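Below is one structure, written out as structure tokens, with a few remarks after it.
We use all heavy atoms of the structure for the numbers below, so side chains are in, but hydrogens, waters and symmetry mates are not. Just so it is clear, the model here is predicted, and its values are computed rather than measured. The first residue in the sequence is number 1, and the count goes up from there.
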Amino acid sequence: IPIVHPMLVDVNLPGSATFQVRVKNWSEQLREVTLASSGEGIETNLPSSNLQLPPGVEKIVDLSVALLKGTGVYRLSVKIEGPGFQAAEDITIAAVAERESLAYAFDYDRDGFDDVILENRDLRCFVSPRAGGRSFAFVRKETNDNAFDSVGGMRDNFTTRFEPADMQGLPDWTTEKWLGLYNRPYLFRIVSAFGKEAEVAFEYEAPDIYPKGIRLKRTLSLAGDQDMLVESTSITPHAKKKPQSFVFETSVPFRVFDHPNYNQWFAEGRPALDFEPGKNIDLPAGLRFIGTHNRTTGETLTAVLLTKPRAVQIVAEAHSALFRIVYPNFSGSNRTFTYTVGYSFARQMPSEP
């Protein structure tokens, strides 16, 4: 029976992974099958085993996997073969030692393109380079709760005040509400795959961004001994015409259908308050942090604004809200401007960033 998503398994080192492999004979005849497992850098208690299964009988085989090379990504393949048939299931094991972190490419949604995953023992962040470097999941492993939603966090956008004369030569679909880089294919490379800090770099050249394009570079880093992911984004505008600025957006959920709100929002100097669907909230410039607090579980997402913003706004929809961070206008062309945000997903409200 194929699994919709590939299997991704956590192991805290030192430790091992244990699986139960269920094999059932659906036929009306006695079947003899061979069950085998293999992988590089691992040892299993089941390199090969022969099973005899009477009609309709299911057997459970315990499979233990020892990981031999420390923090890293291990690939395990489990194969079954019998007269006239064979099948295999591949399992990816992400193993992390204490105070270490890990970065790797993994096509989790099976769309044919690699996602990028950064994780330590407490946190895991999924980023889709082909979808404008957006993060669709920032989770605590303890509960598997997601701080972001399907719209995504870490969205890159720009603001420009267009006038009719500025529109000449631009595509017809260009509007004042620029669509940003949400579905652009970012390039990526893993700078540091494992160790005390894992790091991934992204890059994208956008020639169509008003007025003559921009170059974007981003790094994501996650230390093994912290609960904070740090994002640093550098923007180089190739020209400057009208006032224009970089806008950083993250979408967060706060309710499910007609159920009461489970997430509240908070900001520096503000207590936790309920989101109000359809209501926008303008917050003071220079804000140092903003986030969500789950009133049921206590889990708290905190976005620490390490670069001072020009404006901060909450845009609440029916079930989710957008944290919109607007930075100062670009002060020149072919200069690089860098913006840094830290993301914490913990069990306590912040007192200071």
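The closest donor-acceptor contact from the side chain of Asp107 to the backbone of Gly112 lies under 3.5 Å. Asp90 places no side-chain N or O within donor-acceptor distance of the main-chain N or O of Ser77, the cut-off being under 3.5 Å. With hydrogens and angles ignored, the 3.5 Å screen pairs a side-chain donor or acceptor of Asn263 with a backbone N or O of Pro253. In this structure a side-chain-to-backbone donor-acceptor pair under 3.5 Å is missing from Lys196 to Ser101. A distance-only check finds no donor-acceptor pair linking the side chain of Glu81 to the backbone of Val33 [under 3.5 Å]. In this structure, the side chain of Asp62 does not engage the main chain of Gln20 through any donor-acceptor pair within 3.5 Å. Between the side chain of Thr159 and the backbone N or O of Ser245, no donor-acceptor pair lies under 3.5 Å. Ser221 contributes no side-chain N or O that, together with a main-chain N or O of Glu199, makes up a donor-acceptor pair within less than 3.5 Å. When atom types are taken as modelled, the side chain of Tyr104 and the backbone of Ala94 share no donor-acceptor pair closer than 3.5 angstrom. The backbone N or O of Gly298 lies less than 3.5 Å from a partner atom in the side chain of Thr300, making a donor-acceptor pair.
Here the closest non-hydrogen pair linking Ile314 and Ala321 is CG2-CB, 4.2 Å. Of all heavy-atom pairs spanning Thr44 and Ser37, the tightest one is OG1-OG, 3.0 Å. Listed here is the closest heavy atom pair of Leu287 and Pro309: O-CD, 3.7 Å. The minimum heavy-atom distance linking Leu46 with Ser49 is given by the pair CD1-CB, 3.2 Å. The two atoms that bring Tyr339 and Thr307 nearest to each other are CA-OG1, 3.4 Å, heavy atoms only. Contact between Phe266 and Thr302 at its shortest, heavy atoms only, is CZ-OG1, 3.6 Å.
Side-chain contact between Leu51 and Val61: present, with at least one pair of heavy atoms (C-beta onward) separated by less than 4.5 Å. Counting heavy atoms from C-beta outward, Ser320 and Arg255 have side chains that stay 4.5 Å or more apart. A 4.5 Å side-chain heavy-atom check between Lys69 and Glu40 finds at least one atom pair inside the cut-off. Looking at heavy atoms from C-beta onward, Val200 lies out of side-chain contact with Thr219 at the 4.5 angstrom threshold. Using a 4.5 Å cut-off on side-chain heavy atoms (C-beta onward), Arg134 and Asn183 make contact. The side-chain heavy atoms of Phe202 and Leu187, taken from C-beta on, include no pair separated by under 4.5 Å. Between Leu273 and Trp265, some side-chain heavy-atom pair lies under the 4.5 Å cut-off. Looking only at side-chain heavy atoms (C-beta outward), Gln86 and Ile80 stay at 4.5 Å or farther from each other.
For the atom pair CG (Asp149) and CD (Glu317), the distance works out to 10.5 Å, reported to the nearest 0.5 Å. In this structure, CG in Leu283 is found 8.5 Å from CD1 in Ile325, a value given to the nearest 0.5 Å.
The aromatic rings of Phe257 and His319 sit perpendicular, their planes meeting at an angle over 60°, well past the 30° parallel limit.
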Take Glu203 and Arg189, measure what salt bridge (Lys or Arg N to Asp or Glu O under 4.0 Å) needs, and give me the verdict at the end. CA-CA 9 Å; Glu203 187 170 351; Arg189 63 185 177 91; over 6 Å; no
Full working for side-chain hydrogen bond (donor to acceptor under 3.5 Å, both in side chains) between Arg75 and Thr92: CA-CA 5 Å; Arg75 312 289 181 179; Thr92 298; 2.8 Å; yes
Evaluate side-chain contact (heavy atoms from CB on, under 4.5 Å) for Leu305 paired with Arg288, printing each intermediate quantity in order. CA-CA 5 Å; Leu305 310 182; Arg288 290 189 299 170; 5.8 Å; no
Intermediate values then yes/no, salt bridge (Lys or Arg N to Asp or Glu O under 4.0 Å), Glu299 and Arg140: CA-CA 9 Å; Glu299 291 178 321; Arg140 282 180 55 84; 3.4 Å; yes
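For the 3.5 Å distance criterion, the side chains of Tyr186 and Asp156 qualify, holding a donor opposite an acceptor. Residues Tyr204 and Arg184 have side chains that bring a donor and an acceptor to within less than 3.5 angstrom of each other. With no hydrogens or angles considered, no side-chain donor-acceptor pair links Ser234 and Thr336 at under 3.5 Å. For the residue pair Asn120 and Arg99, no side-chain donor N or O sits within less than 3.5 Å of a side-chain acceptor on the partner.
Atom CZ of Arg295 sits in a crowded spot, with more than 12 heavy atoms from other residues, nucleotides or ligands closer than 6.0 Å. Around the CD atom of Glu32, the shell of radius 6.0 Å holds more than 12 heavy atoms that belong to other residues, nucleotides or ligands. In this structure, Glu28 places its CD atom where only 12 or fewer heavy-atom neighbours from other residues, nucleotides or ligands lie under 6.0 Å away. More than 12 heavy atoms of other residues, nucleotides or ligands sit less than 6.0 Å from atom NZ of Lys240. For Lys141, the NZ atom sits in a packed shell: over 12 heavy atoms of surrounding residues, nucleotides or ligands are nearer than 6.0 Å.
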Would you mind writing out the side-chain donor-acceptor pairs for residues 121-133 within the sub-3.5 Å range, not counting sequence neighbours?
from	atom 1	to	atom 2	distance (Å)
Arg121	NE	Val96	O	3.4
Arg121	NH2	Leu13	O	2.2
Arg124	NE	Glu119	OE2	3.0
Arg124	NH2	Asp10	OD1	2.5
Arg124	NH2	Glu119	OE1	3.0
Arg124	NH2	Glu119	OE2	2.9

Counting only pairs under 3.5 Å, give me each side-chain donor-acceptor contact of residues 225-233, with atom names and distances, residues two or more places apart or in other chains.
from	atom 1	to	atom 2	distance (Å)
Glu231	OE1	Tyr343	OH	3.1
Glu231	OE2	Arg218	NE	2.8
Glu231	OE2	Arg218	NH2	3.4

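One hydrophobic cluster holds both Ile91 and Val23 under the rule that ILVMFWY side chains link at heavy-atom gaps under 4.5 Å. Taking hydrophobic clusters as Ile, Leu, Val, Met, Phe, Trp and Tyr residues chained together by side-chain heavy-atom distances below 4.5 Å, Val326 does not share a cluster with Leu216. There is a path of hydrophobic side-chain contacts, each under 4.5 Å, that joins Phe188 to Leu220. When hydrophobic clusters are built by joining Ile, Leu, Val, Met, Phe, Trp and Tyr residues whose side-chain heavy atoms come closer than 4.5 Å, directly or via intermediates, Ile290 is grouped together with Phe275.
A cation-pi arrangement is present between Arg155 and Tyr182 under the rule of less than 6.0 angstrom and at most 45 degrees off the ring axis.
Not less than 6.0 angstrom separates the ring centroid of Phe248 from the ring centroid of Tyr327. Ring centroids of Phe246 and Phe337 are separated by 6.0 Å or more, keeping the two rings apart.
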